Protein chains: 4
Amino acid sequence: MSPPPLRADAARNRERVLAVAQEAIDAGDASLALNEIARRAGVGVGTVYRHFPTRQALLEAVADEPLDRLLEQARLAEAQDDPLTGLARLVRAAVVVETGNAGVAEVLAAPYVADAATEAKKTELFAAAGRVLERARAGGAVRPDLDVGDIQRLVCGIGYAARLGDGDRDERADRYTEMLIAGMRP
Amino acid sequence: MSPPPLRADAARNRERVLAVAQEAIDAGDASLALNEIARRAGVGVGTVYRHFPTRQALLEAVADEPLDRLLEQARLAEAQDDPLTGLARLVRAAVVVETGNAGVAEVLAAPYVADAATEAKKTELFAAAGRVLERARAGGAVRPDLDVGDIQRLVCGIGYAARLGDGDRDERADRYTEMLIAGMRP
Amino acid sequence: MSPPPLRADAARNRERVLAVAQEAIDAGDASLALNEIARRAGVGVGTVYRHFPTRQALLEAVADEPLDRLLEQARLAEAQDDPLTGLARLVRAAVVVETGNAGVAEVLAAPYVADAATEAKKTELFAAAGRVLERARAGGAVRPDLDVGDIQRLVCGIGYAARLGDGDRDERADRYTEMLIAGMRP
Amino acid sequence: MSPPPLRADAARNRERVLAVAQEAIDAGDASLALNEIARRAGVGVGTVYRHFPTRQALLEAVADEPLDRLLEQARLAEAQDDPLTGLARLVRAAVVVETGNAGVAEVLAAPYVADAATEAKKTELFAAAGRVLERARAGGAVRPDLDVGDIQRLVCGIGYAARLGDGDRDERADRYTEMLIAGMRP
DNA sequence: CATGAATGAGTGTTCATTCAT
DNA sequence: CATGAATGAACACTCATTCAT
């Protein structure tokens, strides 16, 4: 089910490339030119292509670990007694992740994604979010016209908003999330 | 103060290019390849460059008329008796404009723009928004920690959210705006 | 019907590129790497692409003028009283052209060709060859099992044979053609 | 004088690679991308390189067995009473082999080959062909201006002709060979 | 010996921008 | 002013070959 473990040197190269890609994304360069990534990582282009055949694959690999963290939060959100608290927790976690990582933001905003494992994670995340939302809606804690697609879009939108401009993005992420949650009330 | 009026044929070319660029933006192609714009407009590339020296200039020219409409709305918002109603009106107008036009969205989200006239309009718009916001804040109608930069970012974020995915964007723009206004309450 | 005449400089560039391509082909390098052609011709890559979007287009352009000469020979062959003499004339002309120009050889050997004008010339050439062959066959001057496809293949094969190795290719082309014509007798 | 026998697994790998290469050549893919060959043969690229250091070496190895068959035919041709019949037999055998195997065709058309054993076989083949040709020429059965290089070139040319296009290549090989033999008469 | 990851030169192709006509 | 040919940097992608494991 899982791929064979990488050779030590291959794993090291893979990590280097991922790190450089993460840096590039953090620096706001979403173009991810594979030549440039290779140069900065100190590996040949071919090596980048071997590990990540497309820009999309690289992007999704960068998003993989944050997605896992987000899934963990989704599980905690589901375990929460109060549905609105759970929803708030999930939304906050998603916005925080997106604010700190434009790569995840792109993956979460995309309608579909190339890598099957990533797609599965997205599906699972949305499913969990759907369940949390449904509980909140059933208890009358949020507007009845909200669906899970709205949550996805609003989270992406708030993350986008928090990333705009200089200043303290995390502080903004918190405030905007608070406002979003408040705005969801019926 | 204003540039000399264009020759008739020059003006016609300018309009053609603008129309084609607007179409391209509406179609979601924000790349604005100037060669392609020129081809579709039936003019030479050089002509496009003469009128719009940079991609930014073209983008801002396309945003010019929607910006004017938005400024008009800002004036109406200022004239409103109830400050929160005024703010809501302005936010709604901005989100609607952005939702229908990714070009304006980019111009509004940018920290600064190339064209002086466009910059002036943005400044005026933000000033008006600032006044409306200040009135609302003074009356305790909105959270005291909101500043005009937050409004700018949130409007852009909500517009971004409404544009994500298929379906009825305008309907989403309305609902999301409603939620945003509600979330602004203290 | 004909394309607009090229600007003087454009025509000069086109000719340079063609000349360099012809040289490369003559030197036995059929790869026609467009970057390399551009470098040798002293023009930008983009210029080569503008004139010849594909390697195939360049190849066919190089073959254009020899094809015209061949068509002229085909007309003379048709005008010949004796059908076998006509056929011999045509075959000889084709082999000579192919021997001196591997580009034409490739175009003539290909099942179909990208450029419509080139395709038309090939079609016309084969039609003329077909008529000459038919007359010869009807007169019992050649084997009845020969069709125009055989002529095409054999001419290409003999051209290929004459180009193999060093030495006097034209001398070989003549002798081999003579043998081919002799071998066609019933 | 001969290399040490291969280990059983090495021999098996060698055969697999050869088989795959033969398939690729038969399928008309003369590019012989060694990575691809390795993948199809289920071995690592390194293994292919160990056995066949260059593309040429692989090609010649593939040609080895057909060359042996051809040599056998050359011996039979020399044993033939009638020199022209012998020559015809040899030519026919060579064309048949070439028509069915573009790899041998390339080896036979090349001015020299990398592997010493292959070179020796080619030399022996040409020597035998030379003796057969000489007898025929001495008897006045063929044109006096034919030398063994011509035979090599013409055989390759006829093989090339027979391979051009779809249809029954073997049938064409027969007819073209017949014509070639006829054309060789003084 | 076998493996396959790594390399990087080479090639194809696009496109923003300039400038001769 | 308008045109569009020319430019060349930038990027995508491939593949023959080497070498650490």
Side-chain angles (χ1 to χ4, degrees), chain A residues 4 6-14 16-17 31-39 41-51 53-55, chain B residues 6-14 17 31-39 41-55 58, chain C residues 4 6-14 16-17 31-39 41-51 53-55, chain D residues 6-14 17 31-39 41-55 58:
Chain A
L6 288 175
R7 251 168 46 182
D9 56 341
R12 194 174 52 247
N13 279 335
R14 191 175 191 279
R16 271 196 210 163
V17 170
S31 69
L32 287 189
L34 296 195
N35 270 323
E36 181 61 14
I37 298 280
R39 201 187 54 73
V43 303
V45 232
T47 303
V48 176
Y49 273 86
R50 168 175 291 271
H51 290 295
T54 65
R55 174 195 174 278
Chain B
L6 290 173
R7 257 169 43 184
D9 56 342
R12 194 171 54 244
N13 279 339
R14 190 174 191 282
V17 170
S31 67
L32 281 191
L34 294 198
N35 274 313
E36 182 60 17
I37 299 280
R39 201 187 54 73
V43 303
V45 234
T47 305
V48 176
Y49 271 85
R50 165 169 303 274
H51 290 295
F52 311 102
T54 66
R55 175 190 172 284
L58 178 53
Chain C
L6 288 176
R7 250 166 49 180
D9 56 342
R12 192 173 55 245
N13 279 335
R14 190 175 191 281
R16 271 195 210 163
V17 170
S31 68
L32 286 190
L34 296 196
N35 271 316
E36 182 60 17
I37 298 281
R39 201 186 55 73
V43 302
V45 232
T47 304
V48 176
Y49 271 86
R50 167 176 294 272
H51 289 295
T54 65
R55 172 192 176 281
Chain D
L6 289 174
R7 260 171 37 183
D9 56 341
R12 195 172 52 244
N13 279 338
R14 189 175 192 281
V17 170
S31 68
L32 281 191
L34 294 199
N35 273 313
E36 182 59 16
I37 299 279
R39 202 186 53 74
V43 303
V45 233
T47 304
V48 175
Y49 272 86
R50 168 168 302 273
H51 290 295
F52 310 103
T54 65
R55 176 190 172 284
L58 178 53

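Keep in mind that what you see is a predicted model, and the values were worked out from it rather than measured. Chain identifiers are assigned alphabetically (A, B, ...) following the order of the sequence lines, protein sequences preceding nucleic acid strands; residue numbering begins at 1 within each chain.
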Practice problem: Could you work out the separation of dC1(E) and dT21(F) based on their P atoms and round it to a whole Å? | Solution: 22 Å
Quiz item: Atom CZ of F52(D) and atom OG1 of T47(D): how far apart are they, to the nearest 0.5 Å?
Solution: 11.0 Å
Quiz prompt | Check against side chain to side chain contact (heavy atoms under 4.5 Å, CB included), H51(A) and V17(A) | solution = CA-CA 9 Å; H51(A) 290 295; V17(A) 170; 5.6 Å; no
Exercise. Please tell me which of R50(D) and T54(C) maps to the more 5' nucleotide of DNA chain E, matching each residue to the nucleotide holding its nearest heavy atom.
Key: R50(D)
Self-check item: Between dT3(F) (P) and D9(C) (CG): distance, integer Å
Solution: 17 Å
Quiz item: Stepwise, does the side chain to side chain contact (heavy atoms under 4.5 Å, CB included) test hold for L34(B) with L58(B)?
Solution: CA-CA 9 Å; L34(B) 294 198; L58(B) 178 53; 3.8 Å; yes
Quiz item: Name the stems with DNA chain F in them: runs of three or more consecutive Watson-Crick or G-U pairs, distances under 3.5 Å?
Solution: E:2-21 with F:2-21
Quiz prompt | Euclidean distance, R55(B) CZ relative to I37(B) CD1, rounded to 0.5 Å | solution = 10.0 Å
Quiz item: Over how many whole Å does the gap from R12(A) atom CZ to dA20(F) atom C1' extend?
Solution: 10 Å
Exercise. Nearest whole angstrom, please: distance from the P of dG8(F) to the CG of N13(C).
Key: 11 Å
Practice problem: Give, for atom CZ of R14(B) and atom CZ of R50(B), the distance between the pair rounded to the nearest 0.5 Å. | Solution: 13.0 Å
Quiz item: Expressed in angstrom and rounded to an integer, what is the separation of I37(B) atom CD1 from dG4(F) atom P?
Solution: 17 Å
Self-check item: Residue whose nearest DNA chain F nucleotide is more 5′ - P53(D) or T47(C)
Solution: T47(C)
Quiz item: Rounded to whole angstroms, how far apart are CZ on R39(A) and C1' on dA10(F)?
Solution: 13 Å
Give each protein N/O atom lying under 3.5 Å from an N/O atom of nucleotides 9-12 of chain E, with the pair distance.
from	atom 1	to	atom 2	distance (Å)
dG12(E)	OP2	L34(C)	N	2.9
dG12(E)	N7	N35(C)	ND2	2.8

